[in-house]
Asker: 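To start, I am sharing the structure in question, which I have written as structure tokens.
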Amino acid sequence: MILGMKKKAKISAKNRPIKTSKKKPVTITTLKAYDHSALEKKWQQKWATKKIYKSVEDTKKPKYYVLDMFPYPSGEGLHVGHPKGYIATDIVSRMKRMQGYSVLHPMGFDAFGLPAENYALKTKTNPIDSVAKNVKRFKEQLEIIGLDYDWSREINTTDPAYYRWTQWIFLQLLKKGLAYESYEPINWCPVDKTGLANEDVENGRCERCGAVVEKKLMRQWVLKITDYADRLLNDLDAKSDPEITKSADSEIGSLDEANEKKALLDWPESIKEAQRNWIGRSEGAEIDFRLKFDDNKSRFVLLHGFQGSAQTNFLPWLKAELEKRGHEVEAPEMPNSMNPTEAEQVAYVLANCHFDENTVVVAHSLGCVVAMKTIMRLEKPISSLVLVAPAVDPMFDKHYATRPFSKSFSWDYNYSFIRSQTNGRITILSDRAETYRAKYLKFLAGKLSAKLIETEAEEEHFCSLQEPEILKAVTPAVTVFTTRPDTLFGVTYMVLAPEHPWVQTVLPQLRNKHEVIEYITKSKLETEIERTDAKKEKTGVELKGIKAVNPANDEEVPVWIADYVLADYGTGAIMAVPAHDDRDAEFARKYNLPIREIELENRDDMIHKYGRSIVKYKLRDWVFSRQRYWGEPLPIIHCDKCGIVPVPEKDLPVKLPRVKSYQPTGTGESPLTAISAWVNVKCPKCRGKARRETNTMPQWAGSSWYYLRYEDPKNKKALVDRRKEKYWSPVDLYIGGAEHATRHLIYARFWHKFLYDIGVASTIEPFIKLQSVGLIMGEDGRKMSKRFDNVVNPDEVVKRFGADTLRIYEMFMGPFDQQITWSTDSMVGSRRFIEKVWKLAIRASSAAAFGSPAKLASRTRKVLRSGQEESSDLTISARSDSPRTAEISADDALTRILHKTIKKVTEDIVALKFNTAVSSLMIAVNEMEKSPTVSREQFELLLKLLAPFAPHIADELWAAFGNKKSIHISEWPQYDPAQLQDDEVRIIVQVNGKVRGSFMAAKDTSNESLESSAKSLDEVQKWLDGKAIRKVVVVPNRLVSIVV
RNA sequence: GCCUGGGUGGUGAAACUGGUAGACACGCAACACUUAAAAUGUUGUGAGCAUUAGCUCUUGUGGGUUCGAUUCCCACCCCAGGCACCA
């Protein structure tokens, strides 16, 4: 047994009175051996039955919300590293409660997601059961550490009563257009058989299992976190004034003023920086480079609109411009323009124009209907189609039903055929001023998979004689993104990503088609890891047969494809400036492309003249569906007739069915698909046959808002009651692992801002102060893991040393946010400290007056034996006829030390510097041991300061001194500033910068007097040695520095 | 490559706005108590030279500012973390 402490604790009932200065004589329990096990258990039970940690919305008190990142209850239980953060919040929470705050310090469990599901698969238990078991085990482990959670507020993300609101939030996101179905290729983990968000991928591997992720094209639900990118970024540096409730989205006042305001978020710089990097904002410009074909065979067909002709609007101008560029242009004069019919006009166009693979059809207004109907009757595909402000389907606008042509034209298109006849190259130009057209054009663009360009026409509906936007749209151009528009004159070539859509477009016209196809195929075979390896030598192929035209100087530059250009960042195309970019330079040298040094232009001028400014983010929308069983079902119903139908809010929660087989399918559908009784439902809108969405939410969903639920955990009518939310929010202190910097902490901020926007949350940020916990490593220096067999179990440590010792040790180990190695051997120091406190109390309870220590006796004995009479005040005070003076001055000294300790401990807890707080407590205890007298007040004061750190022993001794109510609801001590100053200070004397002596002086002694005292010291005289003094610096109460 | 932290005894670490570097604790050594061990207590403990006084060196390295630098400035090395062919 450690330290020989094993006797059963017997708090003897033998009571006796003790005299104290203020109070009436009270009873003090005689203390015996310190037995942590019995004592800690006793107090944990007492706290629970008395409910002293219950959180109440008391409007008369200030509030303090302190939060832990809630645990994921894995099957392995807690190791000794987990409680470190919990102990820290517990200490803060206990002090704040004693300081008179109404404290909210809750705990719950985050249990949906892959780890629980994989564990369940491995152990062949249903996750519902294994989670319940694991939660129970976690709670037991937490309880023995003596944490002051209000368990009546416990939550669990897998509880339908909880995830009902997770689903509710999703529905609100859907309502606001922030949740959408997408068919883009996404990250897919082949081992876990599910799609992943960007945040779940680390260096091209699945963050959970380490498998290399693949790109997979599949249907998925996505949340538009990118809409919040700017706010997520800006609010990291928001100022706390103006009020917390106002977003820093807008301007941040004048600079000098802003500097004075405190930052709203008190977060570690590293985490803020990680988020900034992750959001990855860059300001730059988009610049269009026209493509020019060596062998120019494009032929244009221009189709005018209702009441128009080939001679009206922009048509003559456009024809001339295109002919200037060497194209052949046909602009038929369609019959009966004032009262047209579809049959007549289509027939006319078919008969009078030439259509082949090089034909580009440009149509305006009603001409667009003619164009599409014509294309539907062609046998062979054409090059591309440009629709300028197409006529609106009367279905979308009643006004159109009365137009003269509405009966003689039909809007009944074969969209997919048109798509294939144009090789998917369709552009729709929309004039922003024509708002009534917008909805239809969006619909049309969706049906045709067309590129929709919303722009400003020179005249409404593109009726001006010159419409440059149309010329831009019809002349093939590639848009590049650059952050260096000032280098535009240095462009010597252009590079497209191999996946760039334009590569497919121009492929038929290339002279080295096969070489290009081969390169594309090869780069597709590479994994993301191989492709994005910056050390790899760059490769590429020139697209022979086309050139890009630099808009700044009309220079024609070669066009290449190369896989160092990424398809999914910027526009997937770059302008290469080898003289000013290392990567371009490397590529240019390899392929002998020109490198041109230029003088930089003014950035803004260049953007204004040749492009448009734009902001790009690395942040991607949040892929929100998982093809797995163990998650919140997405509350969506798919109806053949009505399409995507949200589950009505009154029908929430959509409960996850209990199933026998939840093995992932790997097909891109979740195992829920097989549960036909659950999947097949009636459409809430039309009552027809419909199917439930079978994808589930990712693990991060439930944790993105849980802190709000603690404020009102049982509410059945709302996510959180408005009044309670206002009272508790925001979280004042949030402690957890730094590994959540770019996952949980970004997602939660995103959801919080959304909830703020819809009026659920009242603050722009959820967590005001954030602190990350440093990991505790195994004794072998590696991460604690079953795999390395280096896990230290807190239960065993508590059994051997007690929870109070564990708590003190974990706080004393080192700076809180620093990674540190566990050492069971080092725990004795903390244990000794606790025992010293215990012994001090024994000294108190076993003496008639609190001031004749056993130690004093032994010291006295020793002093007597060695015969060194003069050495100790103690001896004198113990034996002197008038011990009072010595005792009083010792008493004063101790009081002063205690006041310093109050200050230090209080400030250190606020600053989360627990290691130095413990150290100052140790200093205080050491001083008490040495002091000949310790008053009851002094000892109780120490107990209060100790209470947050070692709550069990503190309450035990507090009660032993006759206090009826728990120490944890007593009042936190305050220090007297007058007591912090010593009457005498040590003055250091330096000669030529070296310390040569010191002396004591009364506080605030004058500079002159200090100087002369310093000079008169023997050890100083030695160094002065009659030399001329060149300079003397005196710092009051500190030092005298003499230069010779 | 860019960004953010950090580098102090045998070990974990302290150090206010530039003012005695190494608080507090572990370990180690000696002593006391003990038949003995453990526990406890006392004393010592950055390195080197002298070992009595004392002197010199020392906060990753090299410079600088200053009466004085772990602290401020410049350059560099190393460690941890974030981002990364992001144009």
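In what follows, chains are A, B, ... by sequence order, proteins preceding strands, each numbered from 1. Predicted, not measured: the structure shown is a model, and the values here were computed from it. Worth knowing before you read on, the calculation uses all heavy atoms, side chains too, and leaves out hydrogens, waters and symmetry mates.
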Asker: Please report the distance separating the C1' of B/G81 from the corresponding atom of B/C85, rounded so that it comes out in whole Å.
Answerer: 22 Å
Asker: A/Glu286 pairs by side chain to side chain contact (heavy atoms under 4.5 Å, CB included) with which of A/Thr571, A/Val480, A/Thr482?
Answerer: A/Thr571
Asker: Would you jot down, in residue-number order, the residues of residues 266-278 of chain A having a non-hydrogen atom under 4.0 Å from RNA chain B?
Answerer: A/Glu269, A/Ser270, A/Glu273, A/Ala274, A/Asn277, A/Trp278
Asker: Are any side-chain N or O atoms of A/Lys84 and backbone N or O atoms of A/Phe816, one a donor and one an acceptor, separated by less than 3.5 Å?
Answerer: yes
Asker: Looking at residues at least two apart in the chain, or sitting in another chain, which of them share a side chain to side chain contact (heavy atoms under 4.5 Å, CB included) with A/Gln979?
Answerer: A/Thr895, A/Arg896, A/His899, A/Asp976
Asker: Please state how far atom OH in A/Tyr809 lies from atom P in B/A25, giving the value in whole angstrom units.
Answerer: 15 Å
Asker: Does anything in residues 1028-1044 of chain A form a salt bridge (Lys or Arg N to Asp or Glu O under 4.0 Å)? List the pairs, not counting sequence neighbours.
Answerer: none
Asker: Is there a donor-acceptor pair under 3.5 Å between the side chain of A/Arg620 and the backbone N or O of A/Ala197?
Answerer: no
Asker: Taking ring-ring contact (aromatic ring centres under 6.0 Å, His included) as the definition, give me every residue that meets it alongside A/Phe289, ordered by chain and number, with sequence neighbours left out.
Answerer: none
Asker: Is the shortest side-chain N/O distance from A/Tyr564 to OP1 or OP2 of B/A87 below 4.0 Å?
Answerer: no
Asker: Applying ring-ring contact (aromatic ring centres under 6.0 Å, His included), can you list everything that pairs with A/Tyr617, at least two apart in sequence or on another chain?
Answerer: none
Asker: Is it the case that atom NZ in A/Lys783 sees more than 12 heavy atoms from other parts of the structure closer than 6.0 Å?
Answerer: no
Asker: Scan A/Ile574 against the nucleic acid and name what it touches under 4.0 Å (heavy atoms): base, sugar-phosphate only, or nothing.
Answerer: base
Asker: If only side-chain N and O atoms of A/Asn203 are considered, is one of them under 4.0 Å from the OP1 or OP2 phosphate oxygen of B/A84?
Answerer: no
Asker: Tell me: CD1 of A/Ile746 to C1' of B/G82, nearest whole Å?
Answerer: 11 Å
Asker: What I want to check is whether the side chains of A/Thr805 and A/Arg831 have a donor and an acceptor closer together than 3.5 Å.
Answerer: no
Asker: Can you measure A/Asn1007 atom CG to B/G19 atom P for me and round it to whole angstrom units?
Answerer: 18 Å
Asker: Tabulate atom names and distances for all N/O pairs under 3.5 angstrom spanning the protein and nucleotides 64-73 of chain B.
Answerer:
unit_1: B/C67; atom_1: OP1; unit_2: A/Lys1031; atom_2: NZ; d: 2.7
unit_1: B/C67; atom_1: O2; unit_2: A/Ser1041; atom_2: OG; d: 2.6

Asker: Toss me the dot-bracket line for RNA chain B: Watson-Crick and G-U wobble, both under 3.5 Å, 5' to 3', using | for pairs to another strand and [ ] for crossers.
Answerer: (((((((..(((......[....)))((((((.......))))))((((....))))..(((((..]....))))))))))))....
Asker: Take atom P in B/C77 and the same atom in B/A69, then report the distance between them in whole Å.
Answerer: 26 Å
Asker: At 4.0 Å (heavy atoms only), tell me whether A/Val577 reaches a base, stays on the sugar-phosphate, or touches nothing.
Answerer: nothing
Asker: Taking NZ in A/Lys590 as the centre, count heavy atoms belonging to other residues, nucleotides or ligands within less than 6.0 Å. Is the count above 12?
Answerer: yes
Asker: By the 4.0 Å heavy-atom rule, please label A/Ser998 as base, sugar-phosphate, or nothing.
Answerer: nothing
Asker: Which pair of heavy atoms, one from A/Leu945 and one from A/Val905, lies closest together, and at what distance?
Answerer: O-CG1, 4.3 Å
Asker: Quick one: is B/C83 close enough that its OP1 or OP2 comes under 4.0 Å of any side-chain N or O from A/Arg281?
Answerer: no
Asker: Return yes if a side-chain donor-acceptor contact under 3.5 Å exists between A/Lys836 and A/Asn926, otherwise no.
Answerer: yes
Asker: Quote, to the nearest angstrom, the C1' distance that separates B/A87 from B/G6.
Answerer: 32 Å
Asker: When you compare the protein's N or O atoms with those of nucleotides 48-58 of chain B, which come within less than 3.5 Å of each other, and at what distance?
Answerer:
unit_1: B/U56; atom_1: OP2; unit_2: A/Arg996; atom_2: NH1; d: 3.2

Asker: Assign A/Arg986 to base, sugar-phosphate, or nothing according to its heavy-atom contacts below 4.0 angstrom with the strands shown.
Answerer: base
Asker: What form does the base of B/G12 take, syn (within 90° of 0) or anti?
Answerer: anti
Asker: Once you round it to whole Å, what is the distance between P of B/A39 and CZ of A/Phe801?
Answerer: 12 Å
Asker: Please state how far atom CD in A/Glu835 lies from atom C1' in B/G41, giving the value in whole angstrom units.
Answerer: 14 Å
Asker: Distance check, P atoms only: B/A14 and B/C67, in whole angstrom units.
Answerer: 32 Å
Asker: Could you check whether any side-chain N or O of A/Thr487 sits under 3.5 Å from a backbone N or O of A/Gly490, counting only pairs where one atom can act as donor and the other as acceptor?
Answerer: no
Asker: Just by distance, with hydrogens left out, do A/Glu199 and A/Trp278 show a side-chain donor and acceptor under 3.5 Å apart?
Answerer: yes
Asker: From NE2 of A/His740 over to C1' of B/G81, roughly how many Å is that when rounded to an integer?
Answerer: 16 Å
Asker: Taking atom P in both B/U59 and B/U8, compute the distance separating them and give it to the nearest angstrom.
Answerer: 11 Å
Asker: If you pin A/Tyr617 and A/Ile923 to their nearest nucleotides in RNA chain B, which one's is more 5'?
Answerer: A/Ile923
Asker: For B/A25, take OP1 and OP2 only and decide whether either is under 4.0 Å from a side-chain N or O of A/Arg831.
Answerer: no
Asker: What class does the angle between the rings of A/Trp560 and A/Tyr591 fall in, given that below 30° is parallel, 30 to 60° is tilted and above 60° is perpendicular?
Answerer: tilted
Asker: For the side chain to side chain contact (heavy atoms under 4.5 Å, CB included) test, which of A/Val1040, A/Val1020, A/Val1043 pairs with A/Val991?
Answerer: A/Val1020
Asker: Quantified in whole Å, what is the C1' atom distance between nucleotide B/U11 and nucleotide B/G27?
Answerer: 7 Å
Asker: What's the closest nucleotide to the A/Val565 side chain, out of B/A87, B/G27, B/C85?
Answerer: B/A87
Asker: Any ring pair (Phe, Tyr, Trp, His ring centres under 6.0 Å) pairs touching residues 561-586 of chain A, not counting sequence neighbours?
Answerer: A/Tyr564-A/Phe587
Asker: How far, in whole Å, is B/G60 from B/G12 if one measures between their P atoms?
Answerer: 14 Å
Asker: Any salt bridge (Lys or Arg N to Asp or Glu O under 4.0 Å) pairs touching residues 271-281 of chain A, not counting sequence neighbours?
Answerer: A/Asp230-A/Arg281, A/Asp237-A/Arg276, A/Glu269-A/Arg276, A/Glu273-A/Arg276, A/Arg281-A/Glu283
Asker: If you measure from the P atom in B/A23 to the same atom in B/A30, how many Å do you get, rounded?
Answerer: 22 Å
Asker: Restricting to nitrogen or oxygen on both sides, can you table the protein-nucleotides 10-18 of chain B pairs closer than 3.5 Å?
Answerer:
unit_1: B/G12; atom_1: O2'; unit_2: A/Met813; atom_2: O; d: 2.3
unit_1: B/A13; atom_1: OP1; unit_2: A/Gln818; atom_2: NE2; d: 2.0
unit_1: B/A14; atom_1: OP1; unit_2: A/Asn915; atom_2: ND2; d: 2.9
unit_1: B/C16; atom_1: N3; unit_2: A/Arg1038; atom_2: NH2; d: 3.0

Asker: At under 4.0 Å, does any side-chain N or O of A/Ser823 touch on OP1 or OP2 of B/C26?
Answerer: no
Asker: Strictly by salt bridge (Lys or Arg N to Asp or Glu O under 4.0 Å), give each pair with a member in residues 809-829 of chain A just once, sequence neighbours left out.
Answerer: none
Asker: Which comes earlier along RNA chain B counting from the 5' end, the contact point of A/Asp563 or that of A/Val995, where each point is its nearest nucleotide?
Answerer: A/Val995
Asker: From the set B/G19, B/C24, B/U20, return the single nucleotide nearest to any side-chain atom of A/Ile988.
Answerer: B/U20
